[in-house]
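All remarks here apply to the structure that follows.
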Amino acid sequence: MKLNIAVIKGDGIGPEIVNEALRVLQKTAGLYGHELSLKEVLLGGASIDAFGRPLTDETIEVCRASDAVLMGSIGGDTNTSPWYKLEPHLRPEAGLLGIRKALGLFANLRPAYLYEVLADACPLKKEISAKGFDLLIMRELTGGLYFGERKTVTENGIRKAVDTLTYDENEIRRIAIRAFEIARKRKKKVTSVDKANVLDSSRLWRAVVNEVSADYPDVVLEHMLVDNCAMQLVKDPAQFDVVLTENMFGDILSDEASMITGSIGMLSSASLNDTKLGLYEPSHGSAPDIAGKNIANPIATILSAAMMLRYSFDLDREADDIENAVRTVLNEGFRTKDIYSEGMKELSCSGMGEMIAGHIKGGS
Ligand code: NAD
């Protein structure tokens, strides 16, 4: 299979971690007989330096013409980088918002997985972390409160601010379909999270998710109120598989889910549109404090590449192989600096990439 991938290395540690993900992809493609066609484009700070803008038409065109986009993080030190002296629409983050919009990415996926050997980093009680967890927060990304009409007015000398939360049934249906499809590739359970005891938009959300679930009898559906979900994530995260929710609830719950894994350098993410095209990137930022030192943890980006194989190319065996390689390398005691603990064997960023690539088994 030919894999057409746009590559955005990004800023800070971006180039270092993306190079390691490409190393693992090359190795996997070679062993499974796939051909990688990579096109590198710029975004964020690197694009500002080259073209004076964080996003160019060329980047949009190359990404649109690809099957998937693999990205490192973008942005610099917000206190010292000259990029942050520019107008907001010319700063690195504007490029990220722009590319998400241009590609119509409406579904954001953030897995939270606890590796047994890293359980000590989990801030939850031992009896909870001992059960492990493997969940995925699926957040609607282009609607709801963050995109509704807003205004601030003064009425009779009193300042008043208004934000509006709107969803139509099509916006809900398309992400619900995605959630059920993805649950089919996992543990076949969807927990739809809303605030249906208070909000009309949540009542519509729940009704449409119920309608969609009728087409997926093999997937268990449950509904949960968002306040309860926030509690359950710290009380019993093992109960979850796919957690489907709207934009603002997802924003908050996905950060909570990241926190309970305890290791930011390990968390992958994907943003999908209604075709197979997706943008895959680590959940963390560009870590300018450690850029260029070859000490960053490349695992989040390597796992993002595995998600890319699974969701944009339906190459589940290859994705499993990469995820198993990561698990084996951790089980063998190899760590980058950020997750190092006494008695373990420390590797550089490139050392970790090489080690994981060396553990890809290939098809037989
Ligand atoms: P950050 O995630 O870059 O860093 C927070 C801390 O975690 C730092 O100490 C950093 O060294 C460490 N860290 C992060 N990733 C790591 C890795 N892979 N290996 C080892 N250590 C790692 O967050 P920040 O410092 O708040 O932001 C830095 C820049 O990144 C800012 O410009 C911000 O806007 C940008 N950012 C970009 C994205 C994105 O591209 N999607 C997301 C978040 C932040």
Side-chain angles (χ1 to χ4, degrees), residues 6-21 24 41-49 54-55 59 63 69-86 88-101 103 105 108-110 115 118 121 139 141 250-251 254-255 258-259 261-271 278-305 307 326 329-330 334-341 344 346-353 355-356:
V7 178
I8 298 171
K9 291 194 174 173
D11 307 316
I13 59 170
E16 298 164 56
I17 53 180
V18 171
N19 284 342
E20 297 319 313
V24 173
V41 283
L42 299 180
L43 184 80
S47 177
I48 297 172
D49 289 347
L55 174 63
T59 292
C63 291
V69 183
L70 179 68
M71 195 176 98
S73 312
I74 56 127
D77 185 321
T78 47
N79 294 316
T80 58
S81 165
W83 298 329
Y84 296 92
K85 297 204 167 54
L86 299 167
H89 71 282
L90 291 174
R91 292 180 191 171
E93 288 68 21
L96 190 56
L97 294 177
I99 193 75
R100 284 184 180 148
K101 192 165 172 217
L103 300 178
L105 304 171
N108 180 247
L109 279 60
R110 281 187 36 192
Y115 291 88
L118 297 182
R139 165 190 172 192
L141 207 54
D251 188 6
S254 58
D255 272 3
S258 305
M259 269 310 296
T261 68
S263 35
I264 188 171
M266 312 279 297
L267 298 168
S268 54
S269 87
S271 301
L279 184 147
Y280 300 85
E281 57 175 325
S283 293
H284 58 73
S286 58
D289 52 331
I290 57 166
K293 297 183 177 161
N294 195 21
I295 57 170
N297 186 342
I299 293 179
T301 318
I302 290 169
L303 292 173
S304 301
M307 285 183 90
V326 169
V329 165
L330 292 172
F334 295 103
R335 304 281 186 274
T336 42
K337 200 178 177 65
D338 56 309
I339 52 171
Y340 179 81
S341 58
M344 298 294 115
E346 191 173 325
L347 291 177
S348 62
C349 178
S350 52
M352 182 56 92
M355 187 61 75
I356 292 169

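Worth saying up front: this structure is predicted, and the values here are computed from it rather than measured. Ligands are counted one by one from 1 in listed order, and the atoms in each one are counted from 1 as well.
In this structure A6 satisfies the side-chain contact (heavy atoms from CB on, under 4.5 Å) test together with V62, C63, S66, V69, sequence neighbours excluded. Checked against side-chain contact (heavy atoms from CB on, under 4.5 Å), T261 has the following partners two or more places apart in sequence or in another chain: A112, F133, S263, L267.
A 4.5 Å side-chain heavy-atom check between E346 and T336 finds every atom pair outside the cut-off. Counting heavy atoms from C-beta outward, N19 and K9 have side chains that approach closer than 4.5 Å.
The residue from I74, L43, V41 that alone fulfils the side-chain contact (heavy atoms from CB on, under 4.5 Å) condition with I99 is L43.
In the vicinity of G75, heavy-atom distances shorter than 4.0 Å reach the ligand 1 atoms 32 (O). Close approach of ligand 1 to S73 is summarised as follows: ligand atoms under 4.0 Å from at least one heavy atom of the residue are 40 (O). For ligand 1, the atoms closer than 4.0 angstrom to any heavy atom of D338 are 20 (C). Each of the atoms 39 (C), 40 (O), 41 (N) of ligand 1 lies under 4.0 Å from some heavy atom of L96. Heavy-atom proximity to G285, at under 4.0 Å, picks out these atoms of ligand 1: 1 (P), 2 (O), 3 (O), 30 (O), 36 (N), 37 (C), 38 (C), 42 (C), 43 (C), 44 (C). Every atom of ligand 1 with a heavy atom of Y84 under 4.0 Å away is listed here by number and element: 32 (O).
Atom 22 (C) of ligand 1 has I290 CD1, 4.1 Å as its closest protein atom, hydrogens excluded (heavy atom only). In terms of protein heavy atoms, atom 30 (O) of ligand 1 is closest to S286 N, 3.0 Å. Looking only at protein heavy atoms, the nearest one to atom 37 (C) of ligand 1 is I74 O, 3.1 Å. Nearest to atom 8 (C) of ligand 1 among the protein's heavy atoms is D289 OD2, 3.5 Å. Nearest protein heavy-atom neighbour of atom 19 (N) of ligand 1: N297 N, 2.9 Å.
Annotation for M344: atom CE counts as buried by contact number, over 12 foreign heavy atoms lying within 6.0 Å.
In this structure, I17 falls outside the shell of residues with a heavy atom less than 4.0 angstrom from ligand 1.
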Evaluate D49 against W83 for side-chain hydrogen bond (donor to acceptor under 3.5 Å, both in side chains), listing each step before the verdict. CA-CA 9 Å; D49 289 347; W83 298 329; 3.0 Å; yes
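Here the shortest heavy-atom distance to atom 14 (C) of ligand 1, taken over A300, P288, A287, belongs to A287.
Under a 3.5 Å cut-off, the side chain of Y84 and the backbone N or O of G76 do form a donor-acceptor pair.
Between A296 and ligand 1, a contact under 3.5 Å exists for no N or O pair.
The existence of a salt bridge linking R110 and E281 is excluded, since no basic side-chain nitrogen approaches an acidic carboxylate oxygen closer than 4.0 Å.
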